[in-house]
Protein chains: 2
Amino acid sequence: MKFTEAQSEFIQLWGNFGSQWGINKTMAQVHALLLTSDEALSTDDIMETLAISRGGANVNLRELMVWNLVYKSAKPGDRKEFFVAEKDMWEVAKRITRERKRREIEPLMHHLNRLKTVDEADPQSLNFVKLVGDIERLVGRMNKTSDTIMKMEENAFFGSIIRLLK
Amino acid sequence: MKFTEAQSEFIQLWGNFGSQWGINKTMAQVHALLLTSDEALSTDDIMETLAISRGGANVNLRELMVWNLVYKSAKPGDRKEFFVAEKDMWEVAKRITRERKRREIEPLMHHLNRLKTVDEADPQSLNFVKLVGDIERLVGRMNKTSDTIMKMEENAFFGSIIRLLK
DNA sequence: TTTTATTTTCAATAATTACTGAAAGTTTTA
DNA sequence: TAAAACTTTCAGTAATTATTGAAAATAAAA
């Protein structure tokens, strides 16, 4: 398979995969394009390669910067902005996890907590309060456990670096 | 807050939360309704409470059964089908994880593996192959990690049961 | 300051995704 | 076997979500 062919398959794949999770398909495709590019790309490069509008390219690039997955990169003598993706996939995973936690887990926990103020007199409330409590504990525990495992993985990562330096 | 009020807020919440991940909003709402119902519900109950059509109720109930989150439950003397949700949230988490792995991770890994057959002559392929390999390792590791989380949580769960028995 | 290059915004539109409702299919009862 | 009760399907439609493209805003150069 030729590189360009493999690259465009990867862009498609990443776009479909992203849109199965709550991530905009085009945003995932821009990300995939930058991940597979050795050079920094301009908005025009991205518009051309992905056949999307200037507006779309701009909005998705800025969103990728909010997620900390893409940075601006100036080229001397060129007024245009160029963009590069963070290539360390471990960093990528950490940043996606962090952003999703912030956007989803935190508001969920907040809402669930509020729901526990349900009137306890209603007999149906008994199971309801238990359910909400179970979900809180489950989500909270998974959140903590994923932090623990991220740290474990990180230590394993740095551990192997340190061994290399010895 | 009254029970019915809290219940409908929960249904909304679960629906919105589900649709942020790739889960159909109505399916998540049907799930939420069944999770918060003490009694088994008929298709008509669900249509009425959520104000959805018979077709929608039917399709989403069957999808919930594919995910193993909802079961049919017969009522003696009634020809209608009634439905109940699995109430053990730990089981719910395991089944959702299992289904998403099957639908998303396995096909992704398969596609990524195929992309590694890219022509190595192209200088851009060097980074491409590294990227694909990194993603494979990362996804594979996260997959294992989620197994680890599940086992840790399961042990924590049984651990607390055992403590109760002592 | 004016011109030019570039980025950003957002109303209109397109694409996608989900839902309805009635007809067809199935199962049960009489 | 026929009628009744209930479930399933799916073409048409509605709702949601994403994209375009041109105008406005901003920044740099002349």
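Below, chain A is the first sequence line, B the second, and so on; all start at residue 1.
- B:Glu86 approaches B:Val92 most closely through the heavy-atom pair O-CG2, 3.5 Å.
- Using a 4.0 Å cut-off, some side-chain N or O of A:Asn58 falls inside it from OP1 or OP2 of C:dT8.
- Looking at residues 29-53 of chain A, you'll see that no heavy atom sits under 4.0 Å from any atom of DNA chain C.
- The list of salt bridge (Lys or Arg N to Asp or Glu O under 4.0 Å) pairs with a residue in residues 120-131 of chain A, not counting sequence neighbours, reads A:Lys130-A:Asp134.
- The stretch residues 14-23 of chain A participates, sequence neighbours left out, in no salt bridge (Lys or Arg N to Asp or Glu O under 4.0 Å) pair at all.
- For the salt bridge (Lys or Arg N to Asp or Glu O under 4.0 Å) condition, the pairs that include at least one residue of residues 4-28 of chain B, sequence neighbours left out, are A:Arg114-B:Glu9.
- B:Leu64 has its CG atom 13 Å from the P atom of D:dT8, to the nearest Å.
- Here D:dA5 presents its C1' atom at 17 Å from NZ of B:Lys75, a figure rounded to the nearest Å.
- Here the closest heavy-atom approach between residue B:Lys87 and residue B:Leu35 is recorded as CE-O, 3.2 Å.
- Counting to the nearest Å, the P atom of D:dT17 and the CD atom of B:Gln20 are 11 Å from each other.
- Distance from the side chain of A:Arg62 is smallest to C:dT9 among C:dT9, C:dA18, D:dT9.
- Note: CG (B:Asn24) to P (D:dT16) measures 13 Å, nearest angstrom.
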Legend entry - Base versus backbone protein contacts along nucleotides 23-30 of chain D [heavy-atom cut-off under 4.0 Å; B, S, -]: ----BBS-

Atom pairs and distances, donor-acceptor, side-chain atoms in residues 74-85 of chain A, under 3.5 Å, two or more places apart:
| from | atom 1 | to | atom 2 | distance (Å) |
| --- | --- | --- | --- | --- |
| A:Asp78 | OD1 | A:Lys80 | N | 3.1 |
| A:Glu81 | OE2 | A:Lys72 | NZ | 2.8 |

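- Note that CD of B:Gln12 is 11.0 Å distant from NE2 of A:His111, once rounded to the nearest 0.5 Å.
- When the C1' atom of D:dC10 is taken as reference, atom CG of B:Asn60 falls 15 Å away, rounded to whole Å.
- In this structure, B:Lys80 places its NZ atom 6 Å from P of D:dC6, rounding to the nearest Å.
- Atom pair A:Glu63:CD and D:dT19:P shows a separation of 12 Å (rounding to whole Å applied).
- For the pair B:Gly15 and B:Ala28, the tightest heavy-atom approach, listed with the atom from each and the gap, is CA-CB, 3.8 Å.
- Nucleotide D:dT7 holds its P atom 10 Å from the CG atom of B:Leu61, rounded to whole Å.
- Salt bridge annotation for B:Lys101-B:Asp147: present, with a cationic side-chain nitrogen under 4.0 angstrom from a carboxylate oxygen.
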